[in-house]
Amino acid sequence: NAGVTQTPKFRILKIGQSMTLQCTQDMNHNYMYWYRQDPGMGLKLIYYSVGAGITDKGEVPNGYNVSRSTTEDFPLRLELAAPSQTSVYFCASSWIGGRVQPQHFGDGTRLSIL
Amino acid sequence: QKEVEQDPGPLSVPEGAIVSLNCTYSNSAFQYFMWYRQYSRKGPELLMYTYSSGNKEDGRFTAQVDKSSKYISLFIRDSQPSDSATYLCAISNFGNEKLTFGTGTRLTIIP
């Protein structure tokens, strides 16, 4: 049972480059989330999705885009990489069908913008 | 005022000690309380989940919620070096699919 899988695990980008962080889950969860984690700052929500075709902004969406064409996949796109986007990015998923359910996380993508 | 406050530590205790980790929150509408454990270079993993006041026990771990004081705690008994990690509290309210996380407390258990 893979759970939430993120690729790549590490990446170095130059300022202005673009890239897509991949996330896939095999738990048939309807909700998926993207967070960034900076030292001492906790987890900040970037975007989330309540189901295929539906996405919404979180706390820190600027500079990012998302799409959700299938239940399983929720890629995060950085269009013009900036040094402020150096962070660890986590994807998570959960099943929401009444009572709030815990989120399950991937192991993250460590991104450096130089 | 932040919605969730958590002492970032770091906290170092000897092996076998009882560890107490705490969070306070400001919104009385919060009803769901979780503790996540995060090892270095790994994603957070769910440790405890409760939606009521009182205590919930799972092995060496006890989660305690005091809604009247807006205070949640995680106790670790007979702490082991393998418990060394960052512990994050997370809370939510009914109908809200988003979690609010504390900043995390870094814990080291010294053999």
Side-chain angles (χ1 to χ4, degrees), chain A residues 1-10 21 23 25 27 29-51 54-61 87-111, chain B residues 2-11 21-25 27 29-52 56 58 61 63 65 72 74 85-107:
Chain A
N1 189 357
V4 178
T5 302
Q6 292 184 239
T7 57
K9 294 188 185 303
F10 307 94
L21 282 66
C23 175
Q25 54 95 4
M27 296 173 283
H29 284 168
N30 50 354
Y31 279 63
M32 296 188 73
Y33 310 81
W34 274 105
Y35 294 89
R36 58 177 290 170
Q37 187 177 39
D38 300 305
M41 300 298 290
L43 288 157
K44 302 291 186 185
L45 182 65
I46 304 172
Y47 271 95
Y48 69 102
S49 169
V50 306
I54 306 171
T55 62
D56 206 351
K57 296 178 181 178
E59 189 180 354
V60 289
S87 188
V88 182
Y89 292 84
F90 289 101
C91 179
S93 71
S94 67
W95 174 259
I96 306 291
R99 183 184 299 173
V100 173
Q101 295 297 323
Q103 295 177 16
H104 300 262
F105 286 81
D107 279 339
T109 293
R110 282 157 183 79
L111 182 62
Chain B
K2 288 183 179 180
E3 285 194 294
V4 181
E5 300 268 9
Q6 184 175 10
D7 187 337
L11 180 63
L21 304 166
N22 310 293
C23 287
T24 59
Y25 61 95
N27 187 346
F30 287 133
Q31 296 177 311
Y32 299 89
F33 308 94
M34 302 163 204
W35 285 95
Y36 284 82
R37 177 176 62 195
Q38 185 177 19
Y39 290 116
S40 180
R41 299 190 171 277
K42 289 290 189 180
E45 58 177 331
L46 182 69
L47 200 56
M48 300 285 283
Y49 169 45
T50 182
Y51 54 90
S52 60
K56 181 177 181 179
D58 184 0
F61 298 91
V65 175
I72 62 174
L74 178 70
T86 296
Y87 291 80
L88 301 104
C89 62
I91 55 178
S92 184
N93 54 295
F94 180 76
N96 186 350
E97 61 278 1
K98 291 177 279 188
L99 295 179
T100 301
F101 286 87
T103 53
T105 300
R106 196 172 79 193
L107 172 68

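Predicted, not measured: the structure shown is a model, and the values here were computed from it. In what follows, chains are A, B, ... by sequence order, proteins preceding strands, each numbered from 1. Values below: every heavy atom of this structure, side chains too, minus hydrogens, waters and symmetry copies.
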Checking heavy-atom separations under 4.5 Å from chain B, one finds in residues 44-51 of chain A A:Leu45, A:Tyr48
Side chain from CB out, backbone as N, CA, C, O: work out which of these in B:Pro44 comes under 4.5 Å of a heavy atom of chain A, or both, or neither. both
Show your working on side-chain contact (heavy atoms from CB on, under 4.5 Å) between A:Leu43 and A:Phe105 and close with a plain yes or no. CA-CA 12 Å; A:Leu43 288 157; A:Phe105 286 81; 4.2 Å; yes
Using non-hydrogen atoms only, which part of B:Tyr36 is less than 4.5 Å away from chain A: side chain, backbone, both, or neither? side chain
Take B:Leu11 and B:Leu21 through the side-chain contact (heavy atoms from CB on, under 4.5 Å) test and state the conclusion after the steps. CA-CA 9 Å; B:Leu11 180 63; B:Leu21 304 166; 3.9 Å; yes
Out of A:Ser93, A:Ser94, A:Cys91, which one pairs with A:Tyr33 under the side chain to side chain contact (heavy atoms under 4.5 Å, CB included) rule? A:Ser94
Under 4.5 Å to a heavy atom of chain B? For A:Gln6 that would be neither
Of the backbone (N, CA, C, O) and the side chain (C-beta and beyond), which part of B:Gln38 lies under 4.5 Å from a heavy atom of chain A, both, or neither? side chain
Tell me the closest heavy-atom pair linking B:Leu99 and B:Ser92, and the distance in Å. CD2-CB, 3.6 Å
Under 4.5 Å heavy-atom distance to chain A, tell me which part of B:Arg41 shows up: side chain, backbone, both or neither. both
Would you call the rings of B:Tyr32 and B:Tyr51 parallel, tilted or perpendicular if under 30° counts as parallel and over 60° as perpendicular? tilted
Against chain B, label A:Tyr89 side chain, backbone, both or neither, depending on which of its atoms sit under 4.5 Å from a heavy atom there. neither
With the threshold set at 4.0 Å, does a side-chain nitrogen-carboxylate oxygen contact exist between A:Arg36 and A:Asp38? yes
Are B:Arg37 and B:Phe61 side-chain neighbours, meaning at least one heavy-atom pair lies under 4.5 Å? yes
For A:His104 and A:His29, take the angle between the two ring planes, folded into 0 to 90°, and tell me which bin it lands in: parallel under 30, tilted 30 to 60, perpendicular over 60. tilted
Side-chain heavy-atom pair B:Lys56, B:Val65 within 4.5 angstrom cut-off: no
Any idea which of B:Glu45, B:Lys42, B:Gln6, B:Arg106 has the most non-hydrogen atom pairs under 4.5 angstrom with chain A? B:Lys42
